Amino acid sequence: MRLRPPRLSAVSYQPVTATPDHIALEHRVLALWEQEGTFEQLRAKNSGGAPFSFIDGPITANNPMGVHHAWGRSLKDLFQRHRAMRGHELRYQNGFDCQGLWVEVEVEKSLGLNSKQEIEEYGLDRFARACRDRVAEYSAVQTRQSKRLGQWMDWDRSYYTMTDPNIASIWHFLKVCDERGMLYRGNRPMVWCPRCGTSLSQHELIDSYRDRTHTTLHVRFPLVDAPEEAVVIWTTTPWTLPANVAAAVDPTAEYAAVRTSQGIDWVMAARVEDLFGAAAEIVRTAAGAELVGKAYRGPFDDLEAQAEVAHRVVAWDMVAADEGTGVVHIAPGCGAEDFELGKVEGLPVLVPVDEAGRFTEAYGWLAGQATDAAAAGIAEHLGKTGALVRAGSIDHRFPVCWRCGTDLIFRVVEEWFISAEPVRQAMIDAAATVTWVPEQYGKRMEDWLRNMGDWCISRKRYWGLPLPFYRTEAGEYTVIGSVEELRERAIDSLDGLEELHRPWIDGIRIRTDSGEVAERVTEVGDCWLDAGIVPFSTLGWGREAAVEGGYAEGAGVGLTRADLPDQAYWEKWFPADWISEMREQIRLWFYSQLFMSVVLVGRAPYRSVLGYEKLHDETGRAMHKSWGNAIWFDDAIEDMGADVMRWMYALQTPSQNMSFGYGPANEVRRRLLTLWNSYAFFVRYAEIDGFSPTWADAETGPPTASALDRWIVARIDETVAACDVALDAYWTPTYARAVESLIDDVSAWYIRGSRARFWRAENDGDKEAAFRTLWYCLVQLCRLAAPAMPFLAEELWQNLVRGQDAGAPSSVHLAGWPVAKPVDRAALDAMALAQTAISLGRAARAQSSLKLRQPLREAVVATPDAAARAAVEGLRDEIARELNVKSVRIADAVDELLDVEVVPNFRALGPRLGKDIPRVQQLLKAGDYQRVGDCVEVGGYTLGPDEIELRTRPREGFAVADEGGLAVAVDTELDDELADEGLARELIHFIQGERKSAGFEVADRIRIELAPNDRLRRVLERFGRDIESETLCSEISEPGDVSGAQFEADDCVATVRVIRDR
RNA sequence: GGGCGAUUAGCUCAGUCGGUUAGAGCGCCUCUCUGAUAAGGAGGAGGUCCCUGGUUCGAAUCCAGGAUCGCCCA
């Protein structure tokens, strides 16, 4: 280590550790932001800026957030921070989803309740309070977690979907639907959970199939006309047999009557062998159409419920020929397809079980039995009556309730719907105005919209939006559209109405237009109504006067200070410029928002959407608590740290599932270490040299006298432009890769190439330029990386910028986004050429057996391209340094080193020559052409310089490498001086190794004892001082007797001893 | 059955407007640097760009069909 002048100024950088402690650093930065109100400063700074409207999709405040939530929240924060750095005004309103079964089920568990009956016994008021308390608890937990992630939101003003204003906004929407005739009650076969006592929406069936084993039955339905004959059905749901009303056959298929011990059994001919074996005796065959219309005796005709039913065979085109018997048992009250067929055939609908999945009184001996428990009794009964052919079991995929794991059933129930047809086309049109990222999500939305059924909005539960539908005894319905309307119509006092929830709301009766008394239906609403209304309820749509803190009425009191803005505010912030959620929200929140918005204002509530796929573990498997591969946010954030986590999310291609885990996190951490190393390098030398930049330097940029400096500044400009394009397109991986690439270039190329400039003892202009350039690189990197890794960027900023200039912005997040400047393409191209030349030079060197450590006299860089020669000219020093040569000669005489080949530029020539290309290519390859100036005459064409490319091949006998018209040769001849210098380098290398293995500190001074031979003695004479200074050696001595390590190189052998000075 | 994707190195994945030599990271091997050092650099091995056909002077890229996987709907 060379001696340095004493520190000139008192600048002081915070010391930088060898590796970053992300966790400690992040907590430090969080404390700094808190202490200085950095976020508040940012909001104040951007107040009045061009609005950037982001609307947060509410997170269910029901459990701690997971790392999959952190993905979305990191993306949201990334784009918000980016827009804020560009000076946009943002709302920063976070949202919590508060109502619905998700919350109810968790509360049931925590209270030890196990059925709807138990909830009612517990008391709906206490239950509602418990639900609200759970939301309060976990919204606080999620807020804490989000802050730790670094998400900047106006946490005190989060919206809660359970507040009265939110609920009232939905009432208004429902009223509008009613006025347009879109609201109706309907019978629907619903997927039903008997434990939860409620239907499940389509959304809730996602991933609901599990491996289950169920009883299967083959059952005879004897024909009325020919009692010994029967159609035989197969079912996997025995409990539905008491509700049988028909048997379906494929009219176009062939059916066979098979003689069995029980009589004559009709099944589909294709199924005979599977069912009865190859030896089955077929009495006769008939087309399915012949069986259609035949009456049969049902298996449970003795039950009261079956009294009026006339069973018959019906035709159906969906009868499967590859399983069962080819005759399908139809119970329209127990299956979706059965129900549809029943509508066509006019079949009666028997609903055998109640809300709890238990048979009703009309089912006699079955009454009170649960569907799963009834299978055995049903099989036994059928056995007694002779209807049972055989019982078996099946292992299959069967849907279960996502909340409690109970087998789901189908049940026809009365629910409330909003018809989709009147808005279908308008929704498709509105969705087409949206920019979908990734693009195919737009097609998915369109597909969903084309196929969507009516929206079932009712749930027979407790903690949710109370549907404002009031029924008189006569069955007349009134829809209430606001709290004011409720107040006007109420018969009962609203004094006891603590909030718009059950049970309080249930006590309020109203008077209808016709003067009748009406009570509220007991149903609550689908929670996607709660979330879908948010662009209206939180932005003040239709409100005349704003109310500060007014959003918190009802269940939100004490939880939030969100305002209730007015129509002007809505007009400013609607529609959202951008929203982002995971892909499944296409059918959920993106859909419900769109639906409500199209109904209310006839257009899309968002301009652009970023969707993303699923988060899996690092092996690509879905994360499941029960599989033990789930990663808890709280663990991950204090292990890998927020920046590493956020950078992983930024790098992830949104349209692909993410493999998340500690392994990938480590890889990313190592890449961030490169930035840290560059930072540490700068601080070490800036501290030593007393280099202190000013904030103004970041604005003006560094001087660009040297080619290397010009290049890295051009790289920064190029990166800024690339980041702008990527972030404007909401595509983070391109952004993150561009930043990583710049980090790599700063570290691996700029710093490596500039190190000697920083080591230099004298304070010259070039060293100053190097400091200013590296500092500028780091500062711009901080700003570019800040949206994605806000903590690390802030840490660097504090030390590099704010610590050096009190007038600088106090936070990188207040520093503004770098302005894209014109990119110095020439500098980039020149360096690319130089890098190619260096790479070629290395390859050329590698052809000889000389180590890179051995200095060589000269490298020749040759190219026929004059512009390229001029470009490389300015980078001769870089090339010489990297190739360890004394000089670099630039030559145009490629021919002495190389053969030249003319290759067509296909992009330019393709359109012009077309089919002639292969012929011209052949002629050029064969050398059958004339060079005329810059042009080439070949096959009747004259090709201009832009239409050809000159390529070269090395001639034999040279250490030459070439690529694309560029060739590099190295002179491998060694004279004594070069050889000695090489040997000196070897010795230095050896001594450094000894120093290291002896455990000396980098700054320790040493003495060297060695016994040289003549050659080595000559080397020491020539290069002794270099060796001493390189190894921090005070003296090289030659005592008579040396014990130590053996140094061997070339023709030298010496014993060397390295001694630490005291 | 309909729709939307995916398929590129041992692994994880980029690959823009179609351009003739398909890249990165990790892993592996070799070398190198030793004043960023629990780092850094160079090189190498490793590819039927899923398959078939088409369009084109030219296809990983565009089109058609197929296979496999994933997701959505029915």
Side-chain angles (χ1 to χ4, degrees), chain A residues 1-2 16 18-19 202-203 205-207 318 336-337 340 438-453 583-584 586-587 613-614 616 618-620 622 651-653 655-659 663-664 666-668 670-671 673-674 676-685 688 722 725-726 729 733-734 737 740-741 744 747-749 751-753 755-756 758-759 838-839 841-843 845-846 851-853 882-884 903-921 949 951 963-964 985 988-993 995-996 1002-1003 1029-1032:
Chain A
M1 196 170 286
R2 297 199 171 99
V16 178
T19 55
Q202 292 168 333
H203 339 121
L205 289 173
I206 300 164
D207 292 335
M318 287 171 69
E337 289 154 350
E340 291 304 316
E439 208 179 331
Q440 67 264 23
Y441 290 2
K443 296 182 199 166
R444 279 192 173 240
M445 176 58 103
E446 188 185 333
D447 186 55
W448 167 258
L449 294 175
R450 290 200 186 285
N451 294 304
M452 69 176 167
R583 194 209 54 221
E584 66 187 34
I586 289 171
R587 299 173 302 111
E613 289 290 319
K614 294 197 168 168
H616 290 167
E618 60 187 85
T619 67
L651 282 166
Q652 173 66 27
T653 302
S655 56
Q656 304 228 343
N657 288 337
M658 176 169 189
S659 299
N666 250 326
E667 270 187 41
V668 169
R670 279 180 51 187
R671 274 185 267 168
L673 186 59
T674 307
W676 186 265
N677 281 338
S678 302
Y679 161 63
F681 177 92
F682 170 84
V683 169
R684 170 185 285 197
Y685 290 103
I688 290 170
V725 169
T734 311
R737 278 198 295 268
E740 281 198 352
S741 169
D744 275 353
S747 167
W749 199 252
I751 293 183
R752 206 162 62 87
R755 276 185 295 196
F758 296 104
W759 301 336
I838 288 162
S839 172
R842 286 197 180 113
R845 285 196 64 130
K851 288 187 175 175
L852 193 55
R853 207 177 287 140
E882 292 296 324
L883 294 181
N884 195 16
V903 176
N905 178 347
F906 291 98
R907 190 190 285 274
L909 279 178
R912 188 178 140 201
L913 302 196
K915 287 178 194 279
D916 250 5
I917 280 235
R919 185 174 66 88
V920 170
Q921 191 177 8
E949 198 179 304
R951 290 197 188 164
E963 182 182 296
R985 302 299 316 172
I988 291 167
H989 174 60
F990 179 81
I991 291 167
Q992 300 288 27
R995 284 183 61 116
K996 196 169 184 179
V1002 175
S1029 76
E1030 289 287 327
T1031 61
L1032 278 187

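All values below come from the heavy atoms of this structure, side chains included, with hydrogens, waters and symmetry mates left out. Numbers restart at 1 for each chain; the letters A, B, ... are given by sequence-line order, proteins then strands. From a predicted model like this one, the values you see are computed outputs, not experimental measurements.
Nucleotides B:U16 and B:G23 are separated by 14 Å at their P atoms, to the nearest Å. Nucleotides B:G15 and B:G53 are separated by 28 Å at their P atoms, to the nearest Å. The separation of B:U21 from B:G3, taken at their P atoms, amounts to 38 Å, rounded to a whole angstrom. Atom C1' of B:A59 sits at a distance of 12 Å from the matching atom of B:A22, rounded to the whole Å. Separating the C1' atom of B:C28 from that of B:C71 is a span of 35 Å, rounded to the nearest Å. Comparing the C1' positions of B:A60 and B:A14 gives an interatomic distance of 13 Å, to the nearest angstrom. When the C1' atom is used for both B:A45 and B:C29, the distance is 7 Å, rounded to whole Å. Taking atom P in both B:U7 and B:C51, one finds a spacing of 13 Å when rounded to whole Å.
In RNA chain B, runs of at least 3 consecutive Watson-Crick or G-U pairs, each pair with both distances below 3.5 Å, span B:1-7 with B:67-73, B:10-13 with B:23-26, B:28-32 with B:40-44, B:50-54 with B:62-66.
At a threshold of 4.0 angstrom between heavy atoms, the contacts of A:S747 include nucleobase atoms, whether or not backbone atoms are also involved. If you check every strand for non-hydrogen atoms under 4.0 Å, A:I751 touches a base.
Which of B:G27, B:C73, B:G25 sits closest to the side chain of A:N451 comes down to B:C73. Between B:A36, B:A14, B:C73, one nucleotide has an atom nearer to the side chain of A:T653 than all others, and that is B:A14. Checking B:C26, B:A36, B:G5 against every side-chain atom of A:R755, the shortest atom distance belongs to B:A36.
Between the CE atom of A:M452 and the P atom of B:C73 there is a distance of 14 Å, given to the nearest Å. A:R671 places its CZ atom 7 Å from the P atom of B:C26, with the value rounded to the nearest Å.
For A:R919, the side chain to side chain donor-acceptor pair (under 3.5 Å) criterion is met by A:D916, not counting sequence neighbours.
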Under 3.5 Å, which protein N or O atoms sit close to an N or O of nucleotides 65-70 of chain B? Give each pair with its distance.
residue, atom, partner, partner atom, Å
B:G70, N2, A:R444, NH2, 3.4

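Under 3.5 Å, the side chain of A:T734 and the base of B:A14 form no donor-acceptor pair of N or O atoms.
Look at A:R752 and you won't find any side-chain N or O under 4.0 angstrom from OP1 or OP2 of B:A39.
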